[in-house]
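So you know, we letter chains A, B, ... as the sequences are listed, proteins then strands, and number each from 1.
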Number of protein chains: 2
Amino acid sequence: MPASPPARKAARSTTAAPQREAATRDADKTRLNILEAAEAEFAAKGLAGARVDVVAEEAGANKRMIYYYFGSKEDLYLAVLERVYTDMRVAEAELALEAMAPLAAITCLAEFKFDYPAQHPHLIPLLNSENLLGGEYLRRSLRLREMQISLIARLEAILARGAADGTLRAGIDPLHLYLTISAVSYFYFSNNPTLSTAFGRDLATPDERAARRRHVVDVVTRYIERV
Amino acid sequence: MPASPPARKAARSTTAAPQREAATRDADKTRLNILEAAEAEFAAKGLAGARVDVVAEEAGANKRMIYYYFGSKEDLYLAVLERVYTDMRVAEAELALEAMAPLAAITCLAEFKFDYPAQHPHLIPLLNSENLLGGEYLRRSLRLREMQISLIARLEAILARGAADGTLRAGIDPLHLYLTISAVSYFYFSNNPTLSTAFGRDLATPDERAARRRHVVDVVTRYIERV
DNA sequence: TGTTTATGTAACTGGTTAGTTAATATGGGT
DNA sequence: ACCCATATTAACTAACCAGTTACATAAACA
């Protein structure tokens, strides 16, 4: 016996309003629903483990729509990755570091690199998946490069400012500083499950997180401060 | 047409020798071959992406043998994970940190945490896969806990020694120090593909690696040194 | 030597999955 | 009021893949 057609929301024909109702048809909404469902699915299961049918169901869309809008599972994965990665870079670019004192600017960046993955929990699983795949999808994408490089240039300027006013040491490599700032936060989030197991202590509690955040700022501060 | 049977090595019947020749039948060897092939396959593709048939082929064994020796794909994954993880903990436990001056002991640990993943490239992909899965397999395993906890106790003793002789600051949290030491190396290796892409610069070259190693030791030193 | 047990092989199975097909509904433009 | 590109659906398929079965052969041992 063929399944009865699924219940549909009644179509509101009040089409005058510019902000669209969730009507029977809304291409942009369908596309966005798919993208968001895919972000959760790929973050949770990785590229190989993710199921296209699950994405479709979670998005409330037909599986065919994924292929209609994104072409393939891999292209959908790439679209998700680009979106998440770009969002992070944009947020990073919007930090008003230039308006701050050098030491404050660097600690602000460190706090941002800690808080952002905490507030966007899909980011790290997606980046980890991508690194397991050798980074080939992100490499295939890019316009991203310039954003990142410009951040290093900004860091370099801040470090120079700090060296000039005597608050920071001279000779700090901005790229390695950036890697270290990223690392001390990223590792805490990405490896939290195995670390918690190894130490027999839940490292994901609010208290542990706050303690880690303080430690991260402390490590960065001691590395750059003039003594 | 059925395939002709694969060529077999001639059976040496000199069974007197205690160290076995790679004879027609060698259960231990077959088991080990499977384990090593599985390590490479799981490291390269993750649990979901790995193919049992590929493991069998790479091991020069029949797929049936995987189920004979390991029960299931998941149990094979767990066996691989346990082996790799335990090896690392054993190597870590063998560091003669107690024989060194406090500062030297900590930098030695930092260098070890950098060099070990460089020499065991399957470790980080496997740990990343496991963390993506929420760490549930490693959690299911354990006798591992005590090893890790004892390392923190050792670190604590070294830090106390350093505080007493005035070479290190007092009040350093050994767990967070260990996390930071791990993080600054781990992140460099685990995220090398996306970082290289983002910065438009191959960060995996010997020169870049050596530079990163120096930076890591520098960061750790500056964090613990008394100033 | 003959029986048992460990080790190995090839072919199969049942369920899953990415991707496709073909038919259909919707609504803006005219 | 109707047309047609856009959007959507259910059902299909071909490939794949983890796990199984039935059978074969080598060593262990009586």
| query | Think A:T30 has a side-chain N or O under 4.0 angstrom from the OP1 or OP2 of D:dT8? | reply | yes
| note | Rounded to whole Å, OH of A:Y68 lies from P of D:dT8 at a distance of 8 Å
| query | Hey, which of B:I34, B:N33, B:L32 is the one that makes side-chain contact (heavy atoms from CB on, under 4.5 Å) with B:T30? | reply | B:I34
Ignoring hydrogens and angles, write down the donor-acceptor pairs under 3.5 Å from the side chains of residues 115-128 of chain B, residues two or more places apart or on other chains.
| from | atom 1 | to | atom 2 | distance (Å) |
| --- | --- | --- | --- | --- |
| B:D115 | OD1 | B:R213 | NE | 2.9 |
| B:D115 | OD2 | B:R213 | NH2 | 2.7 |
| B:Y116 | OH | B:M88 | N | 3.4 |
| B:H120 | ND1 | B:Y116 | O | 3.1 |
| B:H122 | ND1 | B:E39 | OE2 | 2.8 |
| B:N128 | OD1 | B:Y186 | OH | 2.8 |

| Interatomic distance, B:R64 CZ vs D:dT21 P [rounded to whole Å] | 9 Å
| field | A:D173: side-chain contact (heavy atoms from CB on, under 4.5 Å) partners, not counting sequence neighbours | value | A:L175, A:H176
| query | Within this structure, what is the CE-to-P distance between B:M65 and C:dA10, rounded to whole angstrom? | reply | 12 Å
| task | Round to a whole Å and report the spacing from CZ of A:R31 to P of D:dT8. | result | 13 Å
Show me, pair by pair, the donor-acceptor contacts under 3.5 angstrom made by side chains of residues 43-53 of chain B, not counting sequence neighbours?
| from | atom 1 | to | atom 2 | distance (Å) |
| --- | --- | --- | --- | --- |
| B:K45 | NZ | B:E41 | OE1 | 3.2 |
| B:K45 | NZ | B:E41 | OE2 | 3.0 |
| B:R51 | NH1 | B:A48 | O | 3.1 |

| said: Once side-chain contact (heavy atoms from CB on, under 4.5 Å) is applied, do any residues pair with A:T180, and if so which ones, sequence neighbours excluded? | reply: B:V184, B:R212, B:H215, B:V219
| field | Phosphate-side-chain proximity, B:N62 and C:dT7, N/O vs OP1/OP2 below 4.0 Å | value | no
| said: If the cut-off is 4.0 Å, is A:Y69 near the phosphate of D:dT8, judged by side-chain N/O to OP1 or OP2? | reply: yes
| note | note: B:L32, atom CG; C:dT7, atom P; distance rounded to Å ~ 14 Å
| note | With B for base contact, S for sugar-phosphate-only contact and - for none (protein heavy atoms under 4.0 Å), nucleotides 12-19 of chain C reads -----SBB
| task | Please identify each residue that fulfils side-chain contact (heavy atoms from CB on, under 4.5 Å) with A:L95, with sequence neighbours left out. | result | A:L97, A:L109, A:F112
